[in-house]
Chemist: 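Take a look at the following structure, please.
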Amino acid sequence: MTRSVPLRVQLTAWYGSILAVTLALVAGLAWLAMRVSLYSAIDADLRDRAVAAAGNLDQEVRQHGRGDLPAHLLEHAGGDAWQIRASDGTWLYRTPAAAENDTPLSLAPPGRRGAELSNIAVGRSRFRAAAAASATDDEGRTYTVQLLEPLDPVDNALAWFARTMALASPVLLVVACGGGYWISGRALSPVDRITRTAQVITAQNLSDRIPIAGAGDELQRLTITLNGMLDRLEGAFERIAQFTADASHELRTPVAFIRTTADVLLRRPRNDDEWRDGVREIQSESARMTELLDNLLTLARADAGSERCVLEPVDLNDLVAEACRAPAALAQLKGLTFAAPKSAPTIEVRGDALLLLRLFVILLDNAVKYTSTGGQIVVAVEAGTDAAVVVIRDTGIGMSEEDVPKIFDRFYRSDKARSRDSGGSGLGLAIARWIVDVHRGSIVVQSRLGAGSEFRVTLPV
C-alpha cells in the first residue's frame, strides 16, 4: 500500500521546487547582467582610449611625416599594457607589460574609424584588446595602436559571484522551505481542526457542527458547505428513523390484529360460520398489510434510485379515462356525483403509463374516500402549449392550511378521518409526489377545511 504524502509536505515541496528554479534563473540572469556590464565598461574605456591615442598619433604623422612618440600620447593611452606597430612590422612602442607577455597584435585596416575589439589569450591570461589605425606617413606606413586590459580581475569577480550564489542559494532555499513548511502548517491548521471535528461526528451526534471561523476565505466556505451537508444528513437520518418507526407501527397493527383474530378462533371450538368470518377478517387485514408492504417497497426503491421509469409517448386522456373507471364505480356506490372528462383529442406526454395510472388512481381514491355521501368529484384534463394539466376536484372534508404542506410526507394524516380505518396508510400521496417528480412535473394542492380539495398535476408535453 502506497503511503500518502501529507499535503503540508506536498505544498512545501512545490514551493521549494518553484523557489529553486526561481533562484537559479535569478542567479543566472544576475551573473549574465554583471558580465555584460563589466565587459561593456571595459569596452567603452578601451575604445575611447584607443581612438584618442590613434588620433594623437595620426596628428603627429601628418605634422612630421612619421610616427614619433610624443610624451602626451602616453597620457591619453593610459594603462600598463599597450603597443604601437607599423605596417612593415616594426614596433614603434611597447610597454613593458605588453613586451613581457609578447602580446600579439592584429593590424587594424587603414582608414577605418573607431577601434576594433577582440579577446587575446596569452598563456593562462586573457586580455581584452582595442586596436585603432592612424594615417599613412611619408614612407607609406600606417600605424596601429593596441590597448589591452587584463580580464583576469573580471573573470575572478564573475567566478566569485557564481560561487557566492552557489553557496547562498541552497542556504536561502533551506530557510525558505522551512518558513514555507511553517506557514503551510499555520494555513492548514483550520483544516486539521475541521478533520478532527468531522471524525468525531457519528449518527449519534449529527447535531454537532464544525465551528465557523470568520475569515471569509475558502476555509470558511468549506466549513459552511460541510455544515450544510451535515444538516442534510441529519435531516435524512431523522426521516429514515421516523419512516422506520412509522412503518413498524403500521405493520404492528395488522400483525397484532391477525394474531389476535387467530388466538380468538383457536380459544374454543367454532362452527363453520365463525371460522369463515375469522378467516375473512384475517384475509382482509393481510391484503391491507400487503398493500402497505408494496407501498413501502416502492418508496424504498425510489429512494435507492432502482425503481424503473420508462418514458415513452402516452395519451394522457386515455390514462385519465382508465384511471377513472374503478373510482367512478366506487363513487356511485357511495352516492357521489362523479364527473369524468369526456373524449377529447389526444394529448401526448412522455411518461411511464403504469406509474401515471397509479398516480391518478391514488388521487381519485383519496377523493372518493374523503368525500361524504352526496358530494361531487370533478376530473378535467387541460392542454397547454408546453404542459398538460390534470385537475381533480372534490367537495370532501378538505384540509387546514397547516396540513396542506405536510400531506406529501410519509405516514402523515391530517386528522382522525384520515386513518387506517378508512383504508389509508399515509403513503399514497408520498408515492404520488415521487411519480410527479420523476416525470419532471409538479403537483399543487388547494384545500379548505370542510370545503373540499383540488389537486393540479402538471406534466410537460
Chemist: Is there a side-chain contact between Pro460 and Val349 (heavy atoms, below 4.5 Å)?
Modeler: no
Chemist: Do Leu429 and Leu363 have side chains that approach each other closer than 4.5 Å (heavy atoms only, starting at C-beta)?
Modeler: yes
Chemist: Which heavy atom of Ile392 sits nearest a heavy atom of Ala367, and at what distance?
Modeler: CG2-CB, 4.3 Å
Chemist: Compare every heavy atom of Cys177 with every heavy atom of Thr12, then report the nearest pair and how far apart it is.
Modeler: CG2-O, 3.6 Å
Chemist: How many angstroms lie between OG1 in Thr458 and CD1 in Ile443, if you round to the nearest 0.5 Å?
Modeler: 9.5 Å
Chemist: Show the nearest heavy-atom pair for residues Ala27 and Phe161, with the distance to one decimal.
Modeler: O-CE2, 4.1 Å
Chemist: With rounding to the nearest 0.5 angstrom, report the CG to CZ distance, Leu364 to Arg325.
Modeler: 13.0 Å
Chemist: I need the Phe360 CZ to Asp365 CG distance, nearest 0.5 Å.
Modeler: 13.5 Å
Chemist: Show me the pairs that pass side chain to side chain donor-acceptor pair (under 3.5 Å) and involve residues 371-387, at least two apart or across chains.
Modeler: Glu382-Arg456
Chemist: For atom CZ of Arg259, is the number of surrounding heavy atoms from other residues, nucleotides or ligands below 6.0 Å larger than 12?
Modeler: no
Chemist: Would you please name every residue forming a salt bridge (Lys or Arg N to Asp or Glu O under 4.0 Å) with Asp294, sequence neighbours left out?
Modeler: none
Chemist: Just do the side-chain contact (heavy atoms from CB on, under 4.5 Å) check on Met399 and Val445 with the steps written out, would you?
Modeler: CA-CA 10 Å; Met399 295 169 286; Val445 184; 3.9 Å; yes
Chemist: Side chain of Lys334, backbone of Lys369: donor and acceptor closer than 3.5 Å?
Modeler: yes
Chemist: If you take all heavy atoms of Tyr181 and Arg8, which pair is closest and at what distance?
Modeler: O-NE, 2.9 Å
Chemist: Quick one: does Val320's side chain get under 4.5 Å of Cys324's, heavy atoms only?
Modeler: yes
Chemist: For the residue pair Leu19 and Ala176, what are the closest heavy atoms and their distance?
Modeler: CD2-CB, 3.0 Å
Chemist: Is a side-chain donor or acceptor of Asp315 paired with a backbone partner of Thr346 at a separation under 3.5 angstrom?
Modeler: no
Chemist: Within a 6.0 Å radius of atom CD on Gln283, are there more than 12 heavy atoms belonging to other residues, nucleotides or ligands?
Modeler: no
Chemist: Between Glu281 and Arg276, is the salt bridge (Lys or Arg N to Asp or Glu O under 4.0 Å) condition met? List the steps.
Modeler: CA-CA 9 Å; Glu281 291 178 358; Arg276 190 175 292 106; over 6 Å; no
Chemist: What I want to find out is whether Lys406 reaches Asp403 closely enough, with some N-O distance under 4.0 Å, to be called a salt bridge.
Modeler: no
Chemist: Identify, with sequence neighbours excluded, every residue that meets salt bridge (Lys or Arg N to Asp or Glu O under 4.0 Å) alongside Asp152.
Modeler: none
Chemist: Hey, could you give me the CG/CG distance between Leu427 and Leu293, rounded to the nearest 0.5 Å?
Modeler: 10.5 Å
Chemist: Is any side-chain heavy atom of Glu234 closer than 4.5 Å to one of Met229?
Modeler: no
Chemist: If you round to the nearest 0.5 Å, how far is OG of Ser118 from CD of Gln146?
Modeler: 6.5 Å
Chemist: Does the side chain of Thr260 pick up a donor-acceptor pair with the side chain of Asp263 at under 3.5 Å?
Modeler: no
Chemist: So, the side chain of Ser447 versus the backbone of Gly452: is there a donor-acceptor pair under 3.5 Å, distance only?
Modeler: yes
Chemist: Just how far is it from atom CG of Leu29 to atom CE of Met34, taken to the nearest 0.5 Å?
Modeler: 14.5 Å
Chemist: Do NZ/NE/NH1/NH2 and the carboxylate oxygens of Arg280 and Glu285 come within less than 4.0 Å?
Modeler: no
Chemist: Among all residues two or more places apart in sequence or in another chain, which pass the salt bridge (Lys or Arg N to Asp or Glu O under 4.0 Å) test with Asp231?
Modeler: Arg209
Chemist: Are Val154 and Arg126 packed together at the side-chain level, in the sense that at least one heavy-atom pair is separated by less than 4.5 angstrom?
Modeler: no
Chemist: With sequence neighbours left out, write down each residue that passes side chain to side chain contact (heavy atoms under 4.5 Å, CB included) with Pro313, or none if nothing qualifies.
Modeler: Glu348, Arg350
Chemist: Are any non-hydrogen side-chain atoms of Trp275 and Asn271 less than 4.5 angstrom apart?
Modeler: no
Chemist: Please identify each residue that fulfils salt bridge (Lys or Arg N to Asp or Glu O under 4.0 Å) with Asp272, with sequence neighbours left out.
Modeler: none
Chemist: For a quick test of reading the model, state the closest non-hydrogen atom pair linking Ala130 to Leu117 and the distance between them.
Modeler: CB-CD2, 3.5 Å
Chemist: So do Leu151 and Asn119 actually touch side chain to side chain, heavy atoms under 4.5 Å?
Modeler: yes
Chemist: Would Arg128 pass as a cation-pi partner of Tyr39, given that its NZ or CZ must be under 6.0 Å from the six-membered ring centre and within 45 degrees of the axis?
Modeler: no
Chemist: Using side-chain heavy atoms (C-beta onward) and a distance below 4.5 Å, is Asp352 in contact with Val314?
Modeler: no
